[in-house]
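Notes follow the structure.
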2 protein chains.
Amino acid sequence: MTDPDMQTDTDHPLAVRKETLHDQVASRVRDLIIEGVLEPGSRIDETTLLSQLGVSRTPFRESLRTLAAEGLIVIRPSRGSQVRKLSPLEVHSMLEVLAHLEGLIGRLACERASDAEIKGMLDLHRRMIAFYESRNRLPYYKLNQEFHSRLAALSGNPTLVEIQANIQARLKRIRFMGNATPEHWANAVSEHEEMISALKSRDGPRLSSVMERHLVNTWERVQDSL
Amino acid sequence: MTDPDMQTDTDHPLAVRKETLHDQVASRVRDLIIEGVLEPGSRIDETTLLSQLGVSRTPFRESLRTLAAEGLIVIRPSRGSQVRKLSPLEVHSMLEVLAHLEGLIGRLACERASDAEIKGMLDLHRRMIAFYESRNRLPYYKLNQEFHSRLAALSGNPTLVEIQANIQARLKRIRFMGNATPEHWANAVSEHEEMISALKSRDGPRLSSVMERHLVNTWERVQDSL
DNA sequence: GATCTGGATATTATATACAAAATCGAAACG
DNA sequence: CGTTTCGATTTTGTATATAATATCCAGATC
């Protein structure tokens, strides 16, 4: 057979991770999509983007494949790629799954997180509240993303982390819209208060149910704007 | 996570789907991995496979990117690809997530499936039982995969379908092992009986819990063989 | 003997060239 | 007028060529 050299990275932790051009391009385009520079449904013109990014077609096209597998774009053979446009039904289906997964995240986090990690979450929460009180929307939003990602990490389940991140990426813009009105935002914040309280007391079932509700509410909040 | 494109498809339903070389290669290699021809942890020698498949490097490498995004292989920059080898912890994490998702699938299927669809599942189940009774393992296994995929489809949630398929693909060989001994197999079958009974009476919570248990048991059954 | 160094060899990454489709528009036709 | 057909143009798909990087092994050094 082939050589048994393990994929258990023999790399040094500090070794500078060499990033291939492909990965850079993928990240770059991913950001363009997530930030809405490339609008949903819009065609991706290879030549334009190509010259803009200053790379050749090979790494660029490879990165398109990656993004397609991630569900951010759609490639139609011989007819080019476009930024994936989510139908309301698809958005709903993602939120339905995400809500359910966050339920699991909540339960596992309560079981598995260390005291220090919980403390870290409390701190993060406090910073979010500060931004809320100063109505500083963008930084709040960023911390919110981090809040959910970190909680996922506390579940100790790498698959959960990966899938949550993927769905989160696909929904990023939409979730941002979810805090559109002052009332919506206030509701979201109070749900976060509940989460923190449940996490602090390691009440898995309660955290689980709050998180599910939180996402379901996001759907309510977002629904109209589709 | 592959996604049959279906964007604003202006395609005729009957239009022959033109498959790009890339996709063919991806499917081909995916099968090689899933069927274990390419063993976990083994290095993927580009030149060898290349000549074997009779395609040039461009589509081949693109397909590797796809498979990497699907989590079936690992690409280390400048150092080649290898078939992803799952640690017991990773397998456990996938089964934990899958169990939870199948719980959701069970509940939603009971709410949303049509009578005809449920009938179809009963029929599928009957065929599985026949193969079980004749101890025809491979066909049983295939129908089992189909059973779970179809149930996912009955949830009416495309995201759920996609993610379930992805995890299923990653775990395919392992799940096969799950029915290794006669007792294991018998247990799995009796769990299926329960599922069918719950589905027939549209008892969402019950189906949900049986399905979760089914997967957790798979973990128990498989654990030693890692 | 063990580790280090340098360069030959093999492998991967990127760029470019070429081929095959699809798109678009103008002219021909009904 | 509207539809169809054909070809020029653009865009995509695949192959190959070149550059960059890693791997491996022999010889040098301690």
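In what follows, chains carry the letters A, B, and so on, assigned in the order in which the sequence lines appear, proteins first and then strands, with residues in each chain numbered from 1.
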(message) Once salt bridge (charged side-chain N to carboxylate O under 4.0 Å, His left out) is applied, what residue pairs with a partner in residues 151-161 of chain B remain, sequence neighbours excluded?
(response)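 Of all non-adjacent pairs touching residues 151-161 of chain B, none passes salt bridge (charged side-chain N to carboxylate O under 4.0 Å, His left out).
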(message) For A/Asn166 versus A/Glu70, what's the shortest heavy-atom pair and its separation?
(response)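 Minimum heavy-atom separation between A/Asn166 and A/Glu70: ND2-O, 3.1 Å.
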Taking only N/O atoms, report every protein-nucleotides 5-11 of chain D pair under 3.5 Å with atom names and distance.
| unit_1 | atom_1 | unit_2 | atom_2 | d |
| --- | --- | --- | --- | --- |
| D/dT11 | O3' | A/Arg43 | NH2 | 3.3 |

(request) Could you work out which one of D/dT14, C/dT14, C/dA15 sits closest to the side chain of B/His22? (result)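 Taking heavy atoms from C-beta onward, the closest nucleotide is D/dT14.
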Rounded to the Å, how far apart are [X] [atom1] and [N] [atom2]?
X       : N      : atom1 : atom2 : answer
B/Ile75 : C/dT14 : CD1   : P     : 11 Å
A/Glu19 : C/dT14 : CD    : P     : 11 Å
A/Arg57 : D/dA15 : CZ    : C1'   : 12 Å
A/Glu62 : D/dT14 : CD    : C1'   : 13 Å
B/Ile44 : C/dT11 : CD1   : P     : 15 Å
A/Leu49 : D/dT12 : CG    : P     : 11 Å
A/Phe60 : D/dT14 : CZ    : P     : 16 Å
A/Leu21 : D/dT18 : CG    : C1'   : 15 Å

(message) So A/Gln168 and A/Ser149, do their side chains get closer than 4.5 Å, heavy atoms only?
(response) yes
(request) Please examine the side chains of B/Met94 and B/Val97, heavy atoms only from C-beta on, and report whether any two atoms are closer than 4.5 Å. (result) no
(request) Confirm from the modelled atom types if B/Thr58 and D/dA15 form a donor-acceptor pair under 3.5 Å, side chain to base only. (result) yes
(request) Establish, with yes or no, whether the OP1 or OP2 oxygen of C/dT12 is under 4.0 angstrom from a side-chain nitrogen or oxygen of B/Ser78. (result) no
(message) Less than 4.0 angstrom from a charged side-chain N to a carboxylate O is my criterion; do B/Lys172 and B/Glu35 meet it?
(response) no
(message) Taking side-chain hydrogen bond (donor to acceptor under 3.5 Å, both in side chains) as the criterion, tell me which of B/Arg107, B/His214, B/Gln164 meets it with B/Glu102.
(response)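 In the set B/Arg107, B/His214, B/Gln164, the residue that makes a side-chain hydrogen bond (donor to acceptor under 3.5 Å, both in side chains) with B/Glu102 is B/Gln164.
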(message) Would you say that more than 12 heavy atoms from the other residues, nucleotides or ligands in this model lie under 6.0 Å from the CZ of A/Arg28, or not?
(response) no
